[in-house]
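Below is one structure, written out as structure tokens; the observations come after it.
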Amino acid sequence: AQLSCLARLLAAKNLTADFDSFPPDLLLFFHPSEVRAGTCREFYARASRGNLDLLPRGSFRRTRLLRGALTCLGVRGSRLEPQQLGSLGALVCELEPGTIPASAPAILESLKLCPALTGAQQDALNALLLTGDTAYGDPSSWDLRTLQDLGPLVLALNQTTLSLVAEAVREDFRRSIAAAYSSQGHSQREKSRILLRAFAGASAASHPRLKRSTDDCPPKPITANTIDDCVPYLTPEELDLYLSSDVLIENLEAVLALPISSESSQVLKKKVDQFFPSGIPEEQLKRLGVLSRLYTEQEISQWSVTSSDTLSALLSTSGGEWKDSQVQQLLSRYLALGGSLTGPLLREIGGERLCNLQEEQIQQIPAEAIGTAGELNISACSQTKKEQLYRKAREAFAGLASTPGPYYCRIQPYLGGAPAEDLKDLANAGVAINMDLDTFLALNPEELQKLSVTDVKNLLGENLPELKEAENEPSVLSWVKLQSQRELDCVLGIGLQGGLQEPTGTATPARPTTTASVTST
């Protein structure tokens with residue numbers, strides 16, 4: 001929200017022409033009208049280096065950004081030339097799957113910029129690689145260097161493609177992943193675990209596990225000195241036999257830093273539970289890492305989670321992904337034991353999981369926590385929960401109410417729960433807030449119907465023309481049907497149709513509204 005507001009402020013002061021001086025993340029929020037035709041290639045090439053996740057997938061802004069880039073580059077069909085691909089950068093990740101075979105082989109290098117490919121994009125990529133008509137050749141001819149050169153695309157390979165790679169090559173690649181695992185960060189470790197599972201699946205028939213050296217890891221109890229040499233290469237049965245609970249608890253972080261199969265992780269969980277038969281102490285819960293994700297909701301309901309530090313450690317992304325039901329149980333347990341949700345905790349929980357809390361639990365969140373939580377995406381919340389969170393946000397940001405621009409920037413993520421009365425106040429505050437279309441479409445449809453044509457014009461400001469592109473959205477259709485067609489034509493003037501027609505021979509005055517002199521921020 002803050003980047004969006006900053007982009008609007010720069011546009012208002014005519015400072016958007018020199019986009020080279022702005023960070024790529026900020027350029028994602030520039031309106032296409034602010035991009036000059038003569039420099040649009042350079043603009044989109046720079047904007048594509050920003051964090052596209054700042055714009056939700058499928059959102060109007062993200063779609064508009066790609067559409068503007070394709071128009072600028074003169075793309076007419078599915079095929080993109082190498083120079084066009086270079087200017088698109090990571091925006092390639094937004095293209096339809098049919099673009100992959102049509103733009104081969106140059107598009108393969110561009111796809112390496114994508115954090116993740118959709119299922120359909122992965123299918124198209126594998127189909128292309130299976131033809132053998134790429135720089136990498138037929139999968140049956142791949143060696144270790146080829147797999148390394150594929151880089152992040154390896155994550156998209158399916159079992160059909162992997163099964164064609166020579167078994168010895170797959171084994172060498174698995175060993176190279178295991179060797180680098182301990183020095184990787186959390187995000188890279190997650191990818192390594194995915195790769196290890198995929199390659200293990202392709203090799204299951206003939207190579208069920210990595211072979212260990214009997215010199216480095218003789219068949220005897222594991223000590224702190226032999227953990228690195230033994231643990232990654234033991235079967236779950238051997239791990240259960242040779243690793244004692246005492247050694248595991250004393251060296252838990254070291255063991256969890258190694259690439260371990262899901263079956264072996266279950267063995268480790270069992271040993272932890274055996275070591276603490278009366279329940280895991282709170283200080284030890286902080287150390288569980290990836291093992292914490294193996295506990296059921298019923299088991300989590302028995303944990304002693306009383307401090308925000310413990311909850312923060314458990315929620316840390318370094319331990320991997322939680323199921324929503326587990327997080328809900330974890331938060332319920334924390335709140336039941338007297339815990340309070342702070343701004344930093346809300347950031348770690350995230351808006352989507354916050355929506356899974358019960359209404360009574362959301363009611364316990366202090367308004368000041370919303371004020372320090374940063375931007376939370378609460379689009380998945382029920383309408384009742386959106387209204388709860390909006391009221392808390394309005395209280396948290398009440399001190400900014402006299403300055404509509406900054407106030408809107410902070411309250412914007414929560415406007416889906418705003419009543420029409422508050423939206424009218426924003427519309428008639430005397431300052432153009434230029435509400436983006438995604439925020440407008442996320443307003444409570446029942447409250448949107450209560451807004452006048454002038455209210456909507458003032459809310460959207462410079463983004464008003466985009467409303468025409470959303471005229472078939474259900475909430476917009478319903479709103480238009482309640483408005484005078486004469487007002488829609490005379491006040492908005494963007495071609496919206498479907499409003500109320502005036503009886504023949506009469507002149508209906510415009511609906512009375514509270515007007516305000518709107519100035520730019």
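Heads up: numbering here begins at 1 and tracks the sequence.
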Note: L341 and L335 closest approach over all heavy atoms is CG-CD2, 4.0 Å
Any residue meeting side chain to side chain donor-acceptor pair (under 3.5 Å) with S325, in chain and number order, not counting sequence neighbours:
E297
In terms of heavy-atom contacts, does CD of Q383 have more than 12 from other residues, nucleotides or ligands at under 6.0 Å?
yes
All pairs passing salt bridge (charged side-chain N to carboxylate O under 4.0 Å, His left out) where residues 379-388 contributes a residue, at least two apart
none
Ionic contact status for K468 with E471, cut-off 4.0 Å
yes
Can T439 and Q412 be counted as having a side-chain donor-acceptor contact under 3.5 angstrom?
yes
With ring pair (Phe, Tyr, Trp, His ring centres under 6.0 Å) as the rule and sequence neighbours excluded, what pairs involving residues 283-304 come up?
Y295-W303
For E42, what residues pass the side chain to side chain donor-acceptor pair (under 3.5 Å) criterion, not counting sequence neighbours?
none
Of all pairs that satisfy disulfide (SG to SG under 2.5 Å), the ones with a partner from residues 437-477, not counting sequence neighbours
none
Please list all pairs passing the salt bridge (charged side-chain N to carboxylate O under 4.0 Å, His left out) test where one or both residues lie in residues 388-407, with sequence neighbours left out.
R394-D422
Contact list for residues 298-317, test salt bridge (charged side-chain N to carboxylate O under 4.0 Å, His left out), sequence neighbours left out
K269-E299
Disulfide (SG to SG under 2.5 Å): which pairs involve residues 335-399, sequence neighbours left out?
C355-C381
For residues 331-343, pull every pair meeting side chain to side chain donor-acceptor pair (under 3.5 Å), keeping only residues two or more places apart or in separate chains.
S332-Q361
Test side-chain contact (heavy atoms from CB on, under 4.5 Å), reference R62, set L91, L52, D438, L28, output is L52
Looking only at side-chain N and O atoms, does S475 offer a donor or acceptor that is under 3.5 Å from a partner on S478?
no
Residues 66-83, side-chain donor-acceptor partners within the protein, below 3.5 Å, at least two apart:
unit_1	atom_1	unit_2	atom_2	d
R67	NH2	E469	OE1	3.1
T71	OG1	R67	O	2.9
R79	NE	E81	OE2	3.4
R79	NH1	A102	O	2.6

Partner residues of E466 under the salt bridge (Lys or Arg N to Asp or Glu O under 4.0 Å) criterion, sequence neighbours left out:
R64
Can you see which heavy atom on Q485 is nearest to which on L496, and at what distance?
NE2-O, 2.9 Å
Selection residues 347-369 - residue pairs positive for salt bridge (charged side-chain N to carboxylate O under 4.0 Å, His left out), sequence neighbours left out:
E321-R353, D324-R353
